[in-house]
Amino acid sequence: MRGLMMDNGLTINSLIEHTNKFHPKTEIVSRSIEGPIHRYTYAESYVRMNKLANALFRLGIKKGDRVGTLAWNGYRHFELYFGISGIGAICHTINPRLFGDQLTYIINHANDKILFCDLSIVPILKNIVANISKVQTFVIMTDKENMSQVELENCLCYEDLIENESKICEWPEIDENDASSLCYTSGTTSNPKGVLYSHRSVVLHSFAVCASDGLGISARDAVLPVVPMFHVNAWGIPYACAMTGAKIVFPGDKMDGKSISDLLISEKVTFSAGVPTVWLMLLQHLSETAQKLPDLERTIVGGSAVPPSMIETFEKEFNVSCIHAWGMTEMSPLGTVGHMTNSIKEIGNGNLLKLKAKQGRPLFGVNMKIIDDDENELEHDGQVFGELCVKGPWVTSSYFEDETDSFTKDGWFRTGDVATIDPHGFMEVVDRSKDVIKSGGEWISSIELENIAVGHSGVLEAAVIGIYDKKWGERPLLICVKKEGIELTHDDIISTYEGKVAKWCFPEATEFVLELPHTATGKVKKSVLREQFKDYEFKG
Ligand code: AMP
């Protein structure tokens with residue numbers, strides 16, 4: 001017997017229709033690319049989304065067509081998220097920090113019909129425009145006045161495009177399983193791969209983002225997503241804000257410590273999310289200027305491992321809870337969040353910090369297991385580690401027009417992360433499978449060694465890679481960026497490892513560099529470090 005409930009599809013339009021109707025006056029604030037702070041309400045945004053959707057129809061966009069965006073976090077990008085998906089087309093967000101060849105590959109592979117581009121990204125677009133001939137229309141996301149500075153021929157102006165359109169759009173019927181958005185993985189070793197989200201997966205994921213054990217976004221929040229809208233839909237935050245009517249504060253293209261802290265303070269932001277590198281810049285700026293963050297209640301940090309010292313600084317110096325989360329482009333991205341449970345509240349402070357530094361507990365909707373080389377499931381004892389595999393309604397079932405097989409025989413997605421799961425359900429990423437250091441038949445976690453190094457007061461950032469060693473196979477090399485004006489030696493840093501890991505895990509040597517290479521999404525590019533240090537030999 002079938003249930004007798006209404007069969008209302010879970011579509012992205014329903015999110016913004018809800019907010020327009022029930023939170024029309026809530027503000028969306030953006031640091032615009034042109035300079036000034038831009039403010040409007042959800043209701044005003046909704047009108048412009050309708051106009052945009054009508055403009056897309058006029059340009060010939062149909063259901064299933066891909067429409068690309070090369071843009072930072074701002075109100076026009078937000079309008080595109082809903083205007084494109086709302087008419088059944090696919091909002092393809094593209095990371096402008098990628099190399100030209102990768103951008104060309106991604107835009108051609110996705111077969112984008114229209115490309116929307118922020119003013120400050122036009123120089124990047126200019127470099128690749130000759131190689132993306134299938135794109136029919138380019139739209140620069142600015143107004144008439146600022147179009148004069150655009151040195152690219154035959155492109156439209158966003159404000160002109162929508163100006164004379166009707167404020168009412170006949171949104172088409174959309175099946176909840178239709179594709180809504182497309183995002184490519186960074187692809188450090190092979191070509192980037194496309195992950196194609198559906199309306200249903202986005203809405204279900206938004207429920208999880210809003211749940212208290214998720215990111216807990218609510219109508220009482222002012223939310224500043226530092227994580228870019230071209231990186232896994234800014235972790236789903238724009239959709240979650242629309243679901244709840246939370247105030248949104250978009251930082252534009254300014255991610256430096258001062259710009260972010262100015263917005264956090266002036267807009268009374270309560271919740272923010274980003275990768276550790278961005279928070280490092282913020283914390284450094286705050287310590288230099290002796291500023292506090294009076295309204296910020298919590299920050300979610302993920303994308304790469306969060307050092308325990310960062311969690312402590314946020315909590316002790318700023319009274320901000322710093323919550324660790326883990327996920328992937330292939331998972332929309334949210335998989336685990338490090339909220340505590342009643343059963344572990346009694347454990348002592350030192351252990352609590354260890355637990356908070358783990359990647360967290362799976363949300364309902366994400367099933368998770370760790371497996372050995374023969375795909376046997378391993379125990380959840382917090383010790384045994386294996387490859388982490390996931391399943392769920394917002395996990396990819398295959399890549400977009402790509403045959404890459406990343407699945408187990410029984411259909412779980414193989415994450416490529418090596419992890420433990422403890423009896424409390426906390427997952428801890430030991431390493432990426434290709435980054436783990438194999439020394440004398442044992443495994444050393446590069447993440448653990450990096451976290452300890454950045455716990456030293458003189459270290460700004462650290463990376464650990466395996467270096468060939470005749471006797472042990474591989475030994476860990478620590479590569480460090482020192483804080484300004486600090487003198488430091490290998491021996492100084494090594495003393496911080498005492499009592500934290502076994503002696504044979506200690507880094508064999510330390511090399512100091514001025515900066516570490518980062519990927520377009522803020523992770524340390526270990527492939528570049530491995531290449532740079534490929535002939536490295538330990539002394540003695
Ligand atoms: P991306 O698809 O670019 O978001 O990258 C996903 C990968 O980033 C994961 O498979 C992990 O290797 C890494 N990652 C994401 N969050 C964390 C985290 N909190 N700790 C450690 N690694 C992480």
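We count ligands from 1, going down the list as the structure has it; atoms in each ligand are counted the same way.
Where the criterion is an N or O separation shorter than 3.5 Å, residue side chain and backbone included, Thr415 fails it with respect to ligand 1. Where the criterion is an N or O separation shorter than 3.5 Å, residue side chain and backbone included, Val301 fails it with respect to ligand 1. Below 3.5 Å of separation, one finds no N or O of Thr521 facing any N or O of ligand 1. At under 3.5 Å, a nitrogen or oxygen of Asp417, whether backbone or side chain, sits near a nitrogen or oxygen of ligand 1.
Counting only heavy atoms of the protein, atom 5 (O) of ligand 1 lies nearest to Lys523 NZ, 3.2 Å. The closest protein non-hydrogen atom to atom 22 (N) of ligand 1 is Ser304 CA, 3.8 Å. The nearest heavy-atom contact from the protein to atom 20 (N) of ligand 1 is Gln359 NE2, 2.8 Å. Among protein heavy atoms, the minimum distance from atom 17 (C) of ligand 1 is reached at Trp326 CD1, 3.5 Å.
Short contacts between ligand 1 and His324, defined as distances under 4.0 Å to a heavy atom of the residue, involve ligand atoms 18 (C), 19 (N), 20 (N). Near Thr329, meaning under 4.0 Å from any of its heavy atoms, are these atoms of ligand 1: 1 (P), 2 (O), 3 (O), 4 (O). With ligand atoms numbered from 1 in the order given, ligand 1 contributes 18 (C), 20 (N), 21 (C), 22 (N) to contacts under 4.0 Å with heavy atoms of Ala305.
The six-membered or imidazole ring of Tyr468 lies away from that of Tyr536, with a centre-to-centre distance of 6.0 Å or more.
Residue contacts with ligand 1 include Gly327, since one or more of its heavy atoms lies under 4.0 Å from the ligand.
Taking the charged nitrogens against the carboxylate oxygens, Glu375 and Arg414 do have a contact shorter than 4.0 Å, which makes a salt bridge. A salt bridge links Lys369 to Asp410: at least one charged side-chain nitrogen sits closer than 4.0 Å to a carboxylate oxygen. Between Glu79 and Arg76 there is no salt bridge, since no side-chain nitrogen of the basic residue lies less than 4.0 Å from a carboxylate oxygen of the acidic one.
With 3.5 Å as the limit, one finds a donor-acceptor pair spanning the side chains of His77 and Thr69. Lys526 and Ser446 form a side-chain donor-acceptor contact under 3.5 Å, judged by distance and modelled atom types alone. Remark: the Ser198 side chain and the Asn177 side chain contain no N/O donor-acceptor pair separated by less than 3.5 Å.
The closest non-hydrogen atom to atom 19 (N) of ligand 1, taken over Gly302, Ala325, Ala419, Ser433, comes from Ala325. Atom 3 (O) of ligand 1 has its nearest heavy-atom neighbour, among His231, Met331, Met328, Lys434, in His231. Residue Gly303 holds the heavy atom nearest to atom 15 (C) of ligand 1 of all those in Cys183, Gly303, Pro333.
Applying the ring-ring contact (aromatic ring centres under 6.0 Å, His included) rule to pairs touching residues 355-398 yields His205-Trp394, Phe385-Trp443, sequence neighbours excluded.
One finds the CE atom of Met368 at 14.0 Å from the NZ atom of Lys391 (value rounded to the nearest 0.5 Å).
A perpendicular orientation is assigned to the rings of Phe82 and Tyr239, their planes being inclined by more than 60° (bins at 30° and 60°).
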